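Computed from a predicted model, the values in this text were never measured in an experiment. So you know, we letter chains A, B, ... as the sequences are listed, proteins then strands, and number each from 1.
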Amino acid sequence: MRAGTFPFSLNAIQTSDVGEIAGSYAAYLQLFASLNSCLRYSLLLRGLRALHAHILASGFKPRKHILNRLIDLYSKYGDILSARRLFDSTPQPDVVARTCLINAYSNAGDIGLARQMFDETPIFYRDTVFYNAMISGYSRSGEGLPGVFVFRRMLRDGVPPDEYTFSGVLSAAAYLINLNLVLCQQLHCAAAKAGTGYSVTVLNALIALYCKCQSFVAASHAQKVFDEMLVRDELTWTTMVVGYVRRGDISAARQVFDVMEERFDVVWNAMISGYVHCEQFFEAFEIFRRMQSLQLPLDEFTYTSVLSACANAGLFWHGKAVHAKIIRHGPDFDPKSALPVKNVLVTLYSRCHKLELARRIFDGIQMKDTVSWNAMLSGYVNSGCICDAREVFEQMPRNSQLPWMVMISGLVQNGFSEEALKLFNRMRGENVKPCDYTYAGIFSACGDLGALQHGRQLHGKHIQLGYESSNSAGNALITMYAKCGALADAHLVFLEMPNVDSVSWNSIIAAFGHHGHGDEAIELYERMINEGIYPDKLTFLTILTACNHAGLVDEGLQYFRSMEQDYGISPGEDHYARLIDILGRAGRIEEAENVIRSMPFEAGSSIWESVLAGCRIRGNMDLAVYAADKLFKMIPQYHGTYVLLSNIYASFGRWEDVARVRKLMRDRGVKKEPGCSWIEVENMVHVFLVNDTTHPGLRQVFSFLEVLGAKMRKLGYVPDTRFVLQDVKSERKEYVLSTHSEKLAVVFGLLNMPVEATIRVLKNLRICGDCHNAILFMSMATEREIIVRDGKRFHHFKDGECSCGNFW
DNA sequence: ATAGGGTTAG
């Protein structure tokens, strides 16, 4: 029967012979049952309804097997209401009808109603097929534990399992959260004992289960089962490929894939997602292209995987093209299968910073699941839209720890460390168990806030929970202790970590570097190389920063060269900027200019900012103006350029130019940072001072600076730059403090010295090396409040603790 | 009346 002939005519049934009528109906229903994949279900449903109406109109009393078949077909075609109505009108529905409804409910995703039907069925009714339907219902819904429980109950009730049972329970068990090898082996034995140990279906499911165990032993069991199989089908091979992919052994998967004679669509999809997981996006795309050229059917899994490749590689236009393809040529997915595609689209667009697009997709999802919410949340978080992220976070279901983790680490990354700690407390109040990454987030929050005591306590808690072997939290701990000035503790954490990775090395090198121990940083770097860990871009950035802070100019140059020569890592703009910074600070401006000329790409804003900062130290006015011009063109709204340039003019005493730059800034509507002026501290910490001199906090800072200045003079340090007191009255009758105000001169001069010297002074003041931390100790030593700004963060130091108080 | 494989957020 072809699609065009439906719905068919029922005129053929004209006889009044009851037996013949029943036979005709049964034959028609048989026909429907055999038409599973030939036609769209909506068309079939229309035909079925017509047939059903005909049966009702004929006054014929259908027997139970006909009714059951009707119920089954209604269920299959998704018309659960009709199936249920028919079921309810059936006198004493038997186990077959009940099984049909269990399937109908579980296929519709309502496993609760399926279970209700299961529970309502008396035990003496139940047979093997009935249990099988419930078990496979659970496995299709991804609910492992109840599936396994139903299986156990089946054995207890004395109903014999068959190969369907084991196929179902094995695939249900794959969803168990605490799946382990022992359970796999138990099920394996049970299947063998029940005499189903040679069924291809069962063994395929068993291989898949072993592969999901994620251990080498389990993987070898999977291999053994595979090797001992007498008959294998395409699915066996497919399962093996999927197993290799899951283990991350993409090349083994590819080998099998290439020799497979007949490939299921699934195996293509598995290869795409495998390549995505190994971050080989080009290969993933290659598979997708081959699928297209072979005109293989592309389903929602294909699209999800390939879009995920686009999202991870940041390929906006590729992703958009695939999206367009889905809209134009794609099959119309039912809402359930369309959901993952829409979810990954949200991720794709938010990763490409098209948040409005992402939001539009997100708003268009009727049945949002946790993945949708989390995708939108992390989209906002990663783009720094904390306000929107907060809103989403409050609206969404928060029963898993994931949104908490995303929100907490998002807050930390965007400079809301104190709020992150508050959220962490709220999380614990709501009895959500924090995961390891959450701890990583709050450790870095503590580091940002300089909250050493709090950090230590949480570290203790973390050890209690048995997380100490993890790397993400360990690496965060290194940085936390380093930022809090506890370099020894940072080192200890590093030494005690069972398996350090390149991030750990980078963190500990940065820790020593930031504390001014350039030599130790370099030594650690050499040890890392000796231990066979490959340095990455970040390592070099760290080591260059360390050289910069320690004033190790030639070493910096050497490592910069080594980067490309020895490791084939081409330096990025940030590496060049760091190098120029090093040269600039050493006053080697000509060399810095040469570096800019030799760069393989146009100098970007970070380069020119380094140049400008370099000029401030050994006043090269012409170059400063040149660099500032570049910056004005590239990022005209960036306030830093104006401030730096006017500072340089000020150090030459060219006050008209200072005024001109300030006017330029006003005319262009460049927003100054709210209510503060600033000085730069070794390129790391920016100290901002409130304009409003009546602010109590500012008076504190003034007196602190006086104390510091006095101590400095005592130690024999004389500020080496010209400082002039300049009080400019603005329209708002506030004081604008130039960075050259005499009271700031001390810090300014102090921080213009090489780091080694700074550290020495700070050490004499019983202050540790990290500038951020230095301020903390300064505030303790002088018993004053100090306000500091680090990047986007405002910190308020008082009584040896630091917080992000609403100071302004 | 029932079965085995693949997808998305971090």
| query | Of the nucleotides dG5(B), dA1(B), dG6(B), which has the atom closest to the Asp299(A) side chain? | reply | dG6(B)
| Cation-pi geometry met for Lys325(A) and Tyr303(A) (6.0 Å, 45°) | no
| query | For the pair made of OH in Tyr74(A) and P in dA1(B), what is the distance, rounded to whole Å? | reply | 17 Å
| task | May I ask you to decide whether Arg426(A) forms a salt bridge with Glu430(A), counting only side-chain N to carboxylate O separations under 4.0 Å? | result | yes
| Whole-Å gap separating P (dA1(B)) and CD1 (Ile80(A)) | 18 Å
| Would you say the ring centroid of His52(A) lies under 6.0 angstrom from that of Tyr74(A)? | yes
| Of the nucleotides dG6(B), dA1(B), dA9(B), which has the atom closest to the Ser378(A) side chain? | dA9(B)
| field | Short side-chain N/O contact to dG6(B) OP1/OP2 from Arg246(A), under 4.0 Å | value | yes
| query | Within this structure, what is the CZ-to-P distance between Phe264(A) and dG6(B), rounded to whole angstrom? | reply | 13 Å
| query | Stacking between Tyr164(A) and the base of dT2(B) (centre distance under 5.5 Å, interplanar angle under 30°)? | reply | yes
| Taking atom P of dA3(B) as reference, at what distance in whole Å does atom CG of Leu206(A) sit? | 19 Å
| Atom CG of Asn204(A) to atom C1' of dG5(B): distance rounded to whole Å? | 8 Å
| note | Winner on side-chain proximity to Val200(A), out of dG4(B), dT2(B), dG6(B), is dG4(B)
| message | Quick check on dG6(B): is either OP1 or OP2 less than 4.0 Å from any side-chain nitrogen or oxygen of Arg263(A)? | response | no
| field | Short N-O contact, Arg115(A) and Asp119(A), less than 4.0 angstrom | value | yes
| note | Against the side chain of Ser136(A), the closest entry in dA3(B), dT8(B), dA1(B) is dA3(B)
| task | Test for a donor-acceptor pair under 3.5 Å between the base of dG5(B) and the side chain of Asn269(A), counting only N and O atoms. | result | no
| said: Applying a 4.0 Å non-hydrogen cut-off, can you work out what Asp369(A) is touching in the nucleic acid: base, sugar-phosphate, or nothing? | reply: nothing
| Spacing of Leu307(A) atom CG relative to dA9(B) atom C1', expressed in whole Å | 14 Å
| said: In this structure, how many angstroms lie between the P atom of dG5(B) and the CZ atom of Phe226(A), rounded? | reply: 17 Å
| said: Given dA1(B), dG6(B), dG5(B), identify the nucleotide with an atom nearest to the side chain of Thr238(A). | reply: dG5(B)
| remark: Considering only heavy side-chain atoms of Ala270(A), the closest of dG6(B), dG4(B), dG10(B) is dG6(B)
| query | Does the gap between the ring centers of Phe151(A) and Tyr131(A) come in under 6.0 Å? | reply | no
| What nucleotide among dA1(B), dA9(B), dG5(B) has an atom nearest to a side-chain atom of Thr370(A)? | dA9(B)
| query | Quick one: which of dA3(B), dG6(B), dA1(B) gets closest to the side chain of Thr201(A)? | reply | dA3(B)
| Looking at Phe130(A), is Arg98(A) sitting on its ring face, NZ or CZ under 6.0 Å from the six-membered ring centre and within 45 degrees of the normal? | no
| query | Looking at Lys368(A), does any N or O in its side chain come under 4.0 Å of the phosphate oxygens OP1/OP2 on dT8(B)? | reply | no
| note | Per atom distances to the Ala375(A) side chain, the nearest of dA9(B), dG5(B), dG6(B) is dA9(B)
| message | Please determine whether a side-chain nitrogen or oxygen atom of Arg98(A) lies at a distance below 4.0 Å from atom OP1 or OP2 of dA1(B). | response | no
| request: Report yes or no: is the cationic atom of Lys342(A) (NZ for Lys, CZ for Arg) closer than 6.0 Å to the six-membered ring centre of Phe362(A), at no more than 45° off its axis? | output: no
| field | Per Arg69(A) side chain, nearest of listed nucleotides dG4(B), dT7(B), dA1(B) | value | dA1(B)
| message | Regarding dT8(B), can its base be found pairing with the side chain of Thr304(A) as donor and acceptor, where the two atoms are less than 3.5 Å apart? | response | no
| task | Report which part of the nucleic acid Asp265(A) touches: base, sugar-phosphate, or nothing (heavy-atom distance under 4.0 Å, all strands). | result | nothing
| request: May I ask you to evaluate whether Arg140(A) reaches the phosphate of dA3(B), defined as a side-chain N or O under 4.0 Å from OP1 or OP2? | output: yes
| message | Distance check needed: dT8(B) C1' versus His277(A) NE2, whole Å only. | response | 10 Å
